[in-house]
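Note on naming: letters A, B, ... go to the chains in the order of the sequence lines (proteins, then strands), and numbering restarts at 1 for each one.
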Amino acid sequence: MSPQDPTREKYNPQAIEAKWQAFWEQDQSFRATETDPREKYYLLVMFPYPSGRIHMGHVRNYTIGDLIARYQRLRGYNVLHPMGWDAFGMPAENAAIQKNTHPRAWTYSNIDTMRRELQSMGLSYDWQREFATCNPDYAHWEQELFLKLYEKGLVYRKLSQVNWDPVDQTVLANEQVIDGKGWRSGAAVERKELSQWFLRITAYADELLEGLRQLEGGWPETVRSMQTHWIGKSQGLEFAFAIEGLEETLPVYTTRPDTLMGVTFCSIAAEHPLAKRVAADNPAAQRFIQACQTAGTSEEAIERLEKRGFDTGLQAIHPLSGARVPIFIANFVLMGYGTGAVMAVPAHDQRDFEFAKRYQLPIRVVIQPDGELLDPLQMGAAYTGPGRLCHSGIFDGLDTESAKQKIMAHFSQQGLGKTTVQYRLRDWGISRQRYWGNPIPIIHCPACGLVPVPVDQLPVPLPEDVTLTGNGNPLVRHPSWKECLCPRCGQAAQRETDTMDTFTESSWYFLRYCCPDFAAPLDPARVNHWMPVDQYVGGIEHAVLHLLYARFFHKALRDCGLVACDEPFTRLLTQGMVRKDTLRCPEHGWRYPEEVSQQGEGLYCTACAAPVTVGRNEKMSKSKHNVVDPNDIIQGYGADTARLFMLFAAPPEQDLEWNDSGVDGAWRFLNRLWRMVQEIAALPFQPPACRMPADPALRMLRCKTHETMDKVSRDVQRYQFNTGISAVMELVNAANEWLAPAARPDAPAELLAVLRELAETAVVLLNPYVPHITEELWRHLGHHQPLCRHRWPQADPEALQREEITLVVQINGKLRARLTVAREATQAAIEAAALAEPALQPHLAGRTIQKMVWVPGRLLNIVLR
RNA sequence: GCGAAAGUGGCGAAACUGGUAGACGCCCUGGACUUAGGAUCCAGUGCCUUCGGGCGUGGGGGUUCAACUCCCCCCUUUCGCACCA
């Protein structure tokens, strides 16, 4: 190793990073324009909520996005890579109350901080397209879009049972209730009846489902399957039971019409109109219904919940047999699905089975599986599998599938019922009773009813002078804001005080990036230039929330003529979480690493000296005391080290385990790269090799250079960023032994040429990963054009040809020897060489060769008898 | 319960179409060079071994000349949904 040259610069990430960030900004290197003749590539990352500081999850998300954006730019695409802020939401209101400020001030101040933090990462955004969703003009155009959907009949208002979050004092959509708790507050959700605004996402249920098929290959299987289940399409029969002694009938929905003759009772939901009617003059029924409604909706509550029912005394009349069966109010029937009433077949439905057992109701087997005879008295559980029908009159002997078809056909022909499709998906409730959101632009007029605000009177602005108390909606309490005149009749009227769910803003922000300055919601020409998004990168937590809403909203806007494509996001990459070890003290709970001291093997709490246990690594969170502040890493090691570690430690879709010595490893590699390129740059100048050298060892080195181009290209293409880095590390390791010979005065020109080509290759290939250090080294190598405008290298096919290959000789599938042979060696020659190989002789002695399996370029397997 | 993904050294992970299991990095061990300041460089590093070799990709079977990879059964973990008729 040559001694350190004092004139040679040390790697100083802080200086380099500031310098190149300033250059890119001044050069407008990442500006994207529609007039650029190159093919477009739209790379989108999920915009952050401006909560205050960026966290490692953001760093990972945006590093991955930036790598792909920079790679595609080097490949010659006109890349749109925008960034903005998902800026409405409740934390701003809570913070405003606590800090006695205004949500707007708090939000914009956070945005300033976070923008600086993102800029310190060297992300290649087109910052001129930046916006926050709380900007008055974004809110304005969103209100206009809302009215367009209103005109299309995709918006409606209805009285409905809502999920009420008692902590956040607002309504939540079904998607926002997790385990019976508010997705944000974690408070147990209550049921409440309120007039609410809905977007008719169910009108697109089928298309949203169909579209998932189109996304096969581009979207992760998990996300597609989660959305499929969320939409929950099922096909079945809807028909009605007559009720003895009553005019009205009892409509039910079933996916198992084949079990129709096994019905022995009916069950209805507690909220069912018929239940209410029974309860009107029956206090016992009333008590039962109340008990049902107060039961929790949490997972454990449901699991523990016994099947319970209340006999209404009413009798339903079977449409085919005419048999009388009792009608129960049952605690497990959902009003929100199907008709809120079911036909009960205890022999073939587990819930009905449990219910029948409890209330000693008859069990009637009508499906017999092959090979065994079901006995209703012996059954321990319902039989839900396929089989042949019995006790079903004219349908006896049919298999389950054809019975379904026959029975549905029979019902249709006789006018008894119809084939219907049901979805689990509900319409999207967007009303929020909060201040820091976009007002719904509707006016309530006592004479005219609901009147949309005329487009020329938009926007409905949020009042700035509000008193936030955290209780109820400040817009309701504002002295004057809601008072207005009806645009239709001119009489005194009131504004809608609900604001829109913040998922509305994130449902079209990717369209607005295409034309952020347009004086209308969307400019179809520019939107259609960039859309669809070629690659979307974000967290899996939005699999059914944002990603379903946005797909719906996009399709609705398409039907308003504002965008042409059907699906907004062609490819989706969901990055894994960033995790870290947790430390726990029995006395003080979660501990930060600096609250723990090490003595020998043991870890002890600095507060109480109790032994601290190292828990398994979990998602970084403040509550678990296992967060690492990205700013500390960027200030200590530089953004390039942080980026390299994030990309190297795991493939993007997997969870990433934060590891301090792994960060050191990334730092060490960048230093090795720095020193190597410095040394090569200091050698007498030789243009980079473009021909094969005469020296065989140098031919191998040049081959390695070109193999690395190939490998990294393939790895980036298939989003295996970690192995791409490994490949460049190998190349740098391989170059090491040549640095000393190259520093000698008699070093051959072809060595200098090969090394220069190698250094340039390593630097270009790493540019999307670590953009600052590579720009700097590129300059050191004598280039005056910035690296971000260079072209991604392509391997020279001639250089890729290895002259000698090492192949493996196996005996009965076990590795016994390696042979190094010329690339063009024939099978016969290799077989002869293998049989002569000394290492093989003990294994071959005295045994006959049954056959030899020859895999060209790889191995020879000698199979002995 | 239903659906999806995953299980490989002390650790993070590689292995692309069935063809050298453990690339690359971390940790650790030895050595070189050293006063510089988060060092650097070289070598070793799956387990066992009588040094011939044997055993190894959650477990058990199978297909194949050859299995981390394909098939069957089972176990475990993570994520999502959850009385959806």
Side-chain angles (χ1 to χ4, degrees), chain A residues 1 3-4 178-179 220-230 232-234 236 252-256 259 267 297 299 302-303 305 307 330-334 336-345 348-352 354-355 422-425 540-541 543-544 576-577 616-617 636-637 645 648-651 653-669 671-672 675 711 714-715 718 720 722-730 733 736-737 806-818 842 850-864:
Chain A
M1 214 40 242
Q4 196 74 33
I178 292 143
D179 288 349
E221 181 55 40
T222 36
V223 177
R224 292 194 310 122
S225 118
M226 277 161 74
Q227 291 206 356
T228 303
H229 284 105
W230 193 263
K233 180 177 183 173
S234 74
V252 298
Y253 168 76
T254 180
T255 54
R256 291 294 304 271
T259 64
S267 311
T297 51
E299 190 180 323
I302 287 168
E303 213 141 77
L305 197 63
K307 305 274 175 288
N331 63 349
F332 62 92
V333 178
L334 305 172
Y337 186 80
T339 61
V342 293
M343 64 175 214
V345 186
H348 306 295
D349 180 282
Q350 186 58 27
R351 293 154 303 184
D352 298 343
E354 286 167 30
F355 193 88
Q422 286 286 338
Y423 298 93
R424 218 182 72 103
L425 184 70
I540 186 83
E541 65 273 18
V544 280
M577 294 182 298
R616 52 168 220 177
N617 58 73
Y637 294 88
F645 169 72
F648 181 60
E653 308 215 54
Q654 258 178 55
D655 282 358
L656 179 148
E657 202 181 299
W658 184 269
N659 179 300
D660 291 335
S661 42
V663 178
D664 282 329
W667 162 257
R668 278 202 288 264
F669 171 69
N671 277 281
R672 263 192 297 147
R675 284 193 300 269
K711 168 90 174 130
R714 264 179 297 128
D715 286 348
R718 64 187 179 122
Q720 286 271 331
N722 52 337
T723 50
I725 297 170
S726 304
V728 182
M729 285 175 168
E730 280 186 62
N733 291 345
N736 236 339
E737 57 182 299
T806 299
L807 46 87
V808 162
V809 183
Q810 296 178 333
I811 290 181
N812 289 345
K814 281 197 197 317
L815 173 70
R816 293 298 179 194
R818 283 168 222 274
Q850 193 176 353
K851 65 170 168 177
M852 292 202 257
V853 181
W854 164 240
V855 184
R858 285 199 177 270
L859 61 72
L860 180 71
N861 188 10
I862 302 170
V863 184
L864 300 178

Chemist: Would you tabulate the pairs of protein nitrogen or oxygen atoms and nucleotide nitrogen or oxygen atoms of nucleotides 12-17 of chain B closer than 3.5 angstrom?
Modeler:
residue: B/G12; atom: O2'; partner: A/Ala649; partner atom: O; Å: 2.7
residue: B/A13; atom: OP1; partner: A/Gln654; partner atom: OE1; Å: 3.2
residue: B/A13; atom: O3'; partner: A/Asn722; partner atom: ND2; Å: 3.4
residue: B/A14; atom: OP1; partner: A/Asn722; partner atom: ND2; Å: 3.1
residue: B/A15; atom: OP1; partner: A/Arg718; partner atom: NH2; Å: 3.0
residue: B/C16; atom: O2; partner: A/Arg714; partner atom: NH1; Å: 3.3
residue: B/C16; atom: N3; partner: A/Arg714; partner atom: NH1; Å: 2.6

Chemist: Hey, does the side chain of A/Arg224 come within less than 4.0 Å of B/G3's phosphate (OP1/OP2), counting only N and O?
Modeler: no

Chemist: A/Glu541 has an atom CD; how far is it from atom P of B/U78, in whole Å?
Modeler: 19 Å

Chemist: P atom, B/C28 versus B/G22: distance in rounded Å?
Modeler: 24 Å

Chemist: In this structure, how many angstroms lie between the P atom of B/C27 and the CH2 atom of A/Trp658, rounded?
Modeler: 15 Å

Chemist: Using every non-hydrogen atom in the two residues, find where A/Tyr253 and A/Ser234 come nearest and quote the distance to one decimal.
Modeler: OH-OG, 2.8 Å

Chemist: Taking ring pair (Phe, Tyr, Trp, His ring centres under 6.0 Å) as the definition, give me every residue that meets it alongside A/Trp667, ordered by chain and number, with sequence neighbours left out.
Modeler: A/Tyr11, A/Tyr637

Chemist: Using a 4.0 Å heavy-atom cut-off, does A/Arg351 contact any base of the nucleic acid, only the sugar-phosphate backbone, or nothing at all?
Modeler: base

Chemist: Assuming nearest nucleotide by heavy-atom distance, tell me which of A/Met729 and A/Asp664 is located more 5' along RNA chain B.
Modeler: A/Met729

Chemist: Output, in order, the C-alpha distance, side-chain angles, deciding distance and verdict of side-chain contact (heavy atoms from CB on, under 4.5 Å) for A/Thr259 and A/Met343.
Modeler: CA-CA 10 Å; A/Thr259 64; A/Met343 64 175 214; 3.6 Å; yes

Chemist: Whole Å only: how far is the CZ atom of A/Phe332 from the P atom of B/A85?
Modeler: 13 Å

Chemist: Looking only at atom C1', what distance separates B/C2 and B/C84, rounded to whole Å?
Modeler: 12 Å

Chemist: Roughly how far apart, to the nearest Å, are B/G44 and B/G59 at atom P?
Modeler: 30 Å

Chemist: Please measure how far the C1' atom in B/U8 lies from the corresponding atom in B/C68, and state the result in whole Å.
Modeler: 7 Å

Chemist: Separation of A/Gln227 atom CD from B/A4 atom P, in whole Å?
Modeler: 16 Å

Chemist: Between A/Arg675 (CZ) and B/A39 (C1'), how many Å, whole number?
Modeler: 9 Å

Chemist: As a test of the definition: with a 90° window around 0 for syn, would you call B/G46 syn or anti?
Modeler: anti

Chemist: Quick one: ring pair (Phe, Tyr, Trp, His ring centres under 6.0 Å) partners of A/Phe645, sequence neighbours excluded?
Modeler: A/Trp658

Chemist: Taking the P atom of each, how far is B/G25 from B/C41, in whole Å?
Modeler: 11 Å

Chemist: Mind checking whether A/Val863 and A/Asn812 have side chains closer than 4.5 Å, heavy atoms only?
Modeler: yes

Chemist: Just the table, please: protein N/O against nucleotides 47-54 of chain B N/O, every pair under 3.5 Å.
Modeler:
residue: B/G54; atom: OP1; partner: A/Arg816; partner atom: NH2; Å: 3.3
residue: B/G54; atom: OP2; partner: A/Arg816; partner atom: NH1; Å: 3.3

Chemist: Could you please spell out the steps behind the side-chain contact (heavy atoms from CB on, under 4.5 Å) verdict for A/Val728 and A/Lys711?
Modeler: CA-CA 9 Å; A/Val728 182; A/Lys711 168 90 174 130; over 6 Å; no

Chemist: Would you say the side-chain atoms of A/Asp655 pair up with the backbone N or O of A/Met577, donor to acceptor, closer than 3.5 Å?
Modeler: yes

Chemist: Whole-Å distance between B/C81 C1' and A/Leu334 CG?
Modeler: 14 Å

Chemist: Within 45° of the six-membered ring axis of A/Phe355 and under 6.0 Å from that ring's centre, is NZ or CZ of A/Lys307 located there?
Modeler: no

Chemist: Using atom NZ of A/Lys307 as one end and atom P of B/A85 as the other, report the distance to the nearest whole Å.
Modeler: 14 Å

Chemist: Would you indicate which nucleotide in B/A85, B/A5, B/A21 comes nearest to any side-chain atom of A/Val333?
Modeler: B/A85

Chemist: Distances under 3.5 Å between protein N/O atoms and the N/O atoms of nucleotides 65-67 of chain B, please, pair by pair.
Modeler:
residue: B/C65; atom: O2'; partner: A/Asn861; partner atom: ND2; Å: 3.3
residue: B/C65; atom: O2; partner: A/Asn861; partner atom: ND2; Å: 2.6

Chemist: B/G25, B/C83, B/C26: which one has an atom nearest the side-chain heavy atoms of A/Arg668?
Modeler: B/C26

Chemist: Just the dot-bracket of RNA chain B, please: which string comes out with Watson-Crick or G-U pairs under 3.5 Å, [ ] for crossing, | for another strand?
Modeler: (((((((..(((......[....))).(((((.......))))).(((....)))..(((((..]....))))))))))))....

Chemist: Side chain of A/Thr255 only, please: which of B/U40, B/C41, B/A85 is the nearest?
Modeler: B/A85

Chemist: Under 4.0 Å, counting only non-hydrogen atoms across every strand here, what does A/Val345 touch: a base, just sugar-phosphate, or nothing?
Modeler: nothing

Chemist: State whether A/Asn733 places a side-chain N or O below 4.0 Å from either non-bridging phosphate oxygen (OP1 or OP2) of B/G25.
Modeler: yes

Chemist: How do A/Tyr253 and A/Ile540 order along RNA chain B: which one's closest nucleotide is nearer the 5' end?
Modeler: A/Ile540

Chemist: Quote, to the nearest angstrom, the C1' distance that separates B/A5 from B/G9.
Modeler: 24 Å

Chemist: Scan A/Asn722, A/Leu656, A/Thr723, A/Asp715 and name whichever one has a side-chain contact (heavy atoms from CB on, under 4.5 Å) with A/Pro651.
Modeler: A/Asn722

Chemist: For B/U57 and B/C11, measure between their P atoms and round to the nearest Å.
Modeler: 16 Å

Chemist: What's the closest nucleotide to the A/Val808 side chain, out of B/A23, B/U20, B/C26?
Modeler: B/U20

Chemist: Reckon A/Asn671 touches a base, only the sugar-phosphate, or nothing at all at heavy-atom distances under 4.0 Å?
Modeler: nothing

Chemist: Using the P atoms only, state how far B/A23 lies from B/G37, rounded to an integer number of Å.
Modeler: 33 Å

Chemist: Taking 4.0 angstrom as the limit, do A/Glu354 and A/Arg351 come out as a salt bridge?
Modeler: no

Chemist: Find the distance A/Asn736:CG to B/U40:C1' and express it as a whole number of Å.
Modeler: 11 Å

Chemist: At 4.0 Å (heavy atoms only), tell me whether A/Gly336 reaches a base, stays on the sugar-phosphate, or touches nothing.
Modeler: nothing

Chemist: Quick check on A/Arg718: does its CZ atom have over 12 non-hydrogen neighbours (other residues, nucleotides or ligands) under 6.0 Å away?
Modeler: yes

